[in-house]
Amino acid sequence: MPVETFSQFQLGDILVRYRIDSTRNSAPEIQLLPLSRSQELATQREFLDAPSVVSLPEKWLPLPAGNLSPLVQLRIAGELAPGGFSYGRTSHGVAAPTALSLKDQEKVSTADATCIRTTLATTNSISILHELSHLKGERALRCRTTLRNVGTDTVTVEALSSFSLGGITPYATDDAAGRLKVHRFRSAWSGEGRACKDSIEKLHLERSWSGASLQCERFGSVGSMPVRGWHPWLAIEDQSEGVIWAASLAHPGSWQMEIVRQGDQLAISGGQADFEFGHWKKDLLPDESYQSPEAFITVTTDGVESAAERLADPLRQPASKRAASEENLPIVFNEWCTSWGNPNHQNIVELAQKLSGTGIRYLVIDDGWAQRSPQALLQENGDWIVCPKAFPKGLKSTTDAVRDQGLIPGIWFEFEVVNEGTEAWEQVEHFLKRDGKPLQVGTRRFWDFRDPWVHEYLTEKVTKLLKESGIGYLKVDYNDTIGLGCDGAESLGEGLRQHLEGVQRFFRSLRKAIPTLVIENCSSGGHRFEPSMVALTDLTSITDAHETPDIPIISANALQISPVSKNLIWAVLRDSDSMQRICYSLSATFLGRMCLSGDIARLNEEQWTFTRRAIQLYNELAPTLRDASFRRFGSWGDSYQHPKGGQAVRATAADGNTLVVVWHAFENPPSELRVPLPTDSAWTLVEELSEHSDTAKIEGTTLQFEKPTAWSGGVVVLKSSR
């Protein structure tokens with residue numbers, strides 16, 4: 001197959017090549033190259049020449065060594081099924097290319113952005129617009145696909161990609177045996193962001209000897225909890241060349257990513273889960289359009305952590321879009337682990353008085369503030385009537401008292417669901433349904449956010465209460481998934497997509513109604529820890545790990561998924577805690593947004609003095625942490641609940657003149673925990689937050705923690721002599 005470069009563009013420090021088969025007018029493949037390595041490409045073989053191949057009958061020869069992967073993966077119902085033994089595993093165009101033809105390509109530039117717009121057409125009267133955009137200051141490219149039915153008949157779409165990259169790796173002349181690694185992040189409740197690294201061979205993605213078989217690794221998540229099993233994140237590393245290609249997907253529902261191979265080079269793609277994986281198909285009526293979820297893609301030579309930082313760039317909220325109270329990572333106190341679902345006016349006011357003047361900004365009233373029946377364990381979601389026993393003068397009296405102490409009051413809601421025992425439970429016509437019956441998971445039914453009545457009801461119950469009560473911080477929880485989807489559309493998956501589009505529309509209506517409102521994204525911790533929800537909200541509860549030993553590990557994991565300014569980290573302080581334990585808990589919060597809870601009112605003088613010092617240091621370092629670059633060192637073993645070893649995370653300020661090192665020692669810590677320091681300057685240790693003040697020492701170009709005690713931790717600040 002003769003391959004030539006149709007066009008290429010420099011977007012930031014990335015060179016984008018559009019490659020085509022020069023013998024036919026087909027869709028081009030997108031290949032990303034680091035600009036610094038764009039002139040070092042290998043000459044790739046055109047045909048296979050192994051003995052097992054050349055001995056085949058002459059009429060079958062020559063066998064091509066490679067193939068192109070089109071920049072859009074599309075499947076239309078009724079089309080030819082994919083070949084290469086792949087039907088049921090993938091609809092990827094390498095196996096069964098939809099007849100895509102290239103129509104046009106243009107570059108559109110403004111002062112702040114550049115977009116490459118590629119137009120394709122199909123034999124099914126579908127016009128396809130593929131947009132690859134680079135925004136000023138970002139190191140990742142934004143990618144999405146829009147379909148339009150330009151024909152006279154309805155067309156049913158069963159698969160559509162948000163991104164598709166090919167040509168991995170362009171630095172090998174053959175199939176790059178033993179050098180390609182796959183990086184992903186697994187997720188589970190209270191165990192988010194576990195990094196996985198597998199060889200292509202281990203995943204059984206070696207090319208077949210003749211290329212007759214298509215190999216595919218398809219993974220993703222199904223339902224309304226998109227981070228349940230995997231994060232929508234993928235990277236491929238060429239270890240021999242030190243080049244990493246990476247992608248993430250911004251979608252609140254069912255999604256999939258694929259690693260595909262038929263020839264020498266790999267292709268990766270991702271988007272909304274297709275009909276086979278997520279029961280999604282959509283009927284496009286004449287002149288109707290559909291746009292895929294947005295994806296972010298990048299390439300770098302600076303390692304996997306750098307690739308992760310680059311993908312997080314689009315999630316960094318510019319100052320112009322942040323609430324004024326969010327400027328320097330303000331600290332949260334959430335009383336969930338204080339009252340365990342039993343807040344009332346008196347204990348909230350006492351907390352506000354205790355926290356006044358400490359540097360804590362938000363005081364959040366969690367689950368338990370609304371009226372519930374005696375047999376209910378916690379909230380009865382749906383009616384949202386303030387409990388008169390707990391708040392006899394209403395919420396406004398309590399929130400006014402909180403504001404009088406210089407704090408911004410917050411509150412918890414799980415407004416997407418309804419529990420039995422409420423009056424709302426009887427509003428069956430406004431619930432999501434499956435097979436004509438209300439969709440119920442455990443004790444929850446789900447409002448249908450495609451229904452205007454639901455938006456009106458929740459505007460009255462949620463938005464009005466927030467306004468009238470003077471609440472400035474909203475924690476939005478969501479504690480179960482609706483699975484494949486719901487009735488009311490051409491497929492369960494399309495019903496799910498439309499519903500979640502309505503959910504996000506309600507989030508936006510809250511922001512419009514109360515521009516100063518700060519919104520926390522929580523879904524049993526990290527089940528909605530994906531780019532579209534992270535970008536939509538001010539901060540995200542990354543986990544429900546409140547008092548577990550793995551909090552530092554999960555917190556460091558989160559830095560590879562989302563900006564530090566977004567990641568809420570719990571430090572639950574108990575009056576029974578040793579000073580070592582208090583320091584262990586507090587120091588982990590320097591890896592994200594500090595969120596305190598627990599027995600804050602009962603801490604003794606020593607405990608409270610140390611906590612106040614940690615709060616002060618965090619506030620001092622917040623501007624540095626907000627824009628820092630993070631690197632992680634150490635090892636902690638396979639178990640999160642029983643970690644062994646030690647971890648240190650180094651944050652480098654944007655100007656390079658300050659380092660913040662957050663360290664933790666687990667069971668059986670090493671005799672020495674080492675952190676390399678940048679060699680372009682001499683460093684001075686200026687601040688240390690730890691149980692002992694002489695834990696850290698600088699030895700040459702290394703920061704060393706000698707003989708750290710098991711289950712200890714701390715924070716070290718260093719300044720450059722420049």
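Nothing fancy with the numbering, it's 1 onward along the sequence.
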Enquirer: Does any donor atom in the side chain of Thr119 or Asp104 lie under 3.5 Å from an acceptor atom in the other side chain?
Expert: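 No, no side-chain donor-acceptor contact under 3.5 Å.
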
Enquirer: So does Asp313 pair up with Arg316, basic N to acidic O under 4.0 Å?
Expert: yes

Enquirer: When you check the gap from the basic side-chain N to the acidic O, do Asp487 and Lys433 get nearer than 4.0 Å?
Expert: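 Answer for the salt bridge query: no.
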
Enquirer: Okay, side chain of Arg511, backbone of Leu536: is any donor-acceptor separation there less than 3.5 Å?
Expert: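 Between the backbone of Leu536 and the side chain of Arg511 there is a qualifying donor-acceptor contact (under 3.5 Å).
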
Enquirer: Checking His430 against Asp448: is there a side-chain donor and acceptor pair closer than 3.5 Å?
Expert: no

Enquirer: Check the side chains of Ser162 and Arg144 for a donor-acceptor pair under 3.5 angstrom, ignoring hydrogens and angles.
Expert: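 Result is no, nothing qualifies.
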
Enquirer: For Asn567 and Ser562, test the side chains for any donor-to-acceptor distance below 3.5 angstrom and give the result as yes or no.
Expert: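 Side chains of Asn567 and Ser562: pair found under 3.5 Å.
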
Enquirer: What residue pairs, at least two apart or across chains, pass salt bridge (Lys or Arg N to Asp or Glu O under 4.0 Å) with a residue in residues 435-446?
Expert: Glu414-Arg444

Enquirer: Out of Trp453, Phe446, Tyr457, Trp447, which one pairs with Phe431 under the ring-ring contact (aromatic ring centres under 6.0 Å, His included) rule?
Expert: Trp447

Enquirer: Do the numbers put Arg184 on top of the ring of Trp233, so that NZ or CZ is under 6.0 Å from the six-membered ring centre and no more than 45° off the axis?
Expert: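 Geometry flag: not set, cation outside 6.0 Å or 45°.
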
Enquirer: Can you tell me if Glu192 and Thr543 form a side-chain donor-acceptor pair at under 3.5 Å?
Expert: yes

Enquirer: Ignoring hydrogens and angles, state whether a donor on the side chain of Glu420 or Trp425 is under 3.5 Å from an acceptor on the partner side chain.
Expert: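 The criterion, which ignores hydrogens and geometry beyond distance, is not satisfied for Trp425 and Glu420.
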
Enquirer: Say whether, by atom type as modelled, one donor and one acceptor occur between the side chain of Asp112 and the main chain of Lys136 under 3.5 angstrom.
Expert: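 No: the side chain of Asp112 does not pair with the backbone of Lys136.
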
Enquirer: Under 3.5 Å, is there a donor-acceptor pair linking the side chains of Tyr87 and Glu276?
Expert: no

Enquirer: Go through the steps for Phe275 and Trp280 under the test ring-ring contact (aromatic ring centres under 6.0 Å, His included), then give the verdict.
Expert: CA-CA 4 Å; Phe275 187 64; Trp280 177 81; 9.3 Å; no

Enquirer: With a 4.0 Å cut-off, would you call Glu106 and Arg117 a salt bridge?
Expert: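 Here Glu106 pairs with Arg117 in a salt bridge, since their nearest N and O are under 4.0 Å apart.
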
Enquirer: Are Asp287 and Asn149 packed together at the side-chain level, in the sense that at least one heavy-atom pair is separated by less than 4.5 angstrom?
Expert: no

Enquirer: Is the ring pair Phe415/Phe413 parallel, tilted or perpendicular, if the boundaries are 30 and 60 degrees?
Expert: tilted

Enquirer: From Trp245 CH2 over to Leu234 CG, what is the distance, rounded to the nearest 0.5 angstrom?
Expert: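 Reported value, rounded in 0.5 Å steps: 12.5 Å.
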
Enquirer: Tell me, please, which residues at least two apart from His183 pass ring pair (Phe, Tyr, Trp, His ring centres under 6.0 Å).
Expert: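 Residues passing ring pair (Phe, Tyr, Trp, His ring centres under 6.0 Å) with His183: none at all.
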
Enquirer: Flag the pair Asp198 and Lys181 as a salt bridge only when some basic side-chain nitrogen lies within less than 4.0 angstrom of an acidic carboxylate oxygen.
Expert: no

Enquirer: Keeping the roles fixed (side chain from Gln440, backbone from Gly442), state whether a donor-acceptor pair exists under 3.5 Å.
Expert: yes

Enquirer: I want to check something: taking the side chain as every heavy atom from C-beta on, are Val16 and Leu132 in contact at a cut-off of under 4.5 Å?
Expert: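 Result yes, sub-4.5 Å side-chain heavy-atom pair found.
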
Enquirer: Does any part of the side chain of Lys464, heavy atoms only, come nearer than 4.5 Å to the side chain of Trp384, both counted from C-beta?
Expert: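 The answer is no; the side chains never approach within 4.5 Å.
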
Enquirer: Just checking, any donor-acceptor pair under 3.5 angstrom between side chains of Thr156 and Asp283?
Expert: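 Side-chain D/A pair, Thr156 to Asp283: present.
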
Enquirer: Do Gln215 side-chain atoms and Glu206 backbone N/O form a donor-acceptor pair below 3.5 Å?
Expert: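 Present.
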
Enquirer: Between Ile20 and Leu68, which heavy-atom pair has the shortest distance, and what is it?
Expert: C-CD1, 3.4 Å

Enquirer: Using a 3.5 Å distance criterion without hydrogens, assess whether the side chain of Arg17 forms a donor-acceptor pair with backbone atoms of Gln8.
Expert: no

Enquirer: Does any part of the side chain of Leu500, heavy atoms only, come nearer than 4.5 Å to the side chain of Arg450, both counted from C-beta?
Expert: no

Enquirer: Asp274 and salt bridge (charged side-chain N to carboxylate O under 4.0 Å, His left out): which single residue from Lys282, Lys281, Arg218 fits?
Expert: Arg218

Enquirer: Let me check something: any side-chain donor-acceptor pairs from residues 522-535 under 3.5 Å, sequence neighbours excluded? List them with distances.
Expert:
| unit_1 | atom_1 | unit_2 | atom_2 | d |
| --- | --- | --- | --- | --- |
| Ser523 | OG | Tyr478 | O | 2.7 |
| Ser524 | OG | Asn479 | OD1 | 2.7 |
| His527 | ND1 | Ser523 | O | 3.3 |
| Arg528 | NH1 | Glu416 | OE2 | 2.8 |
| Arg528 | NH2 | Glu416 | OE1 | 2.8 |
| Glu530 | OE1 | His251 | N | 2.9 |
| Glu530 | OE1 | Ser532 | N | 2.8 |
| Glu530 | OE1 | Ser532 | OG | 3.1 |
| Glu530 | OE2 | Ser532 | OG | 2.5 |
| Glu530 | OE2 | Met533 | N | 2.9 |
| Ser532 | OG | Gln504 | NE2 | 3.1 |

Enquirer: Could you check whether Gln256 and Glu258, counting side-chain N and O atoms only, form a donor-acceptor pair closer than 3.5 Å?
Expert: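 Checked: Glu258/Gln256 side chains pair up, N/O donor to acceptor below 3.5 Å.
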
Enquirer: Output yes when a side-chain donor or acceptor of Ser208 lies under 3.5 Å from a complementary backbone atom of Gly211, and no otherwise.
Expert: yes

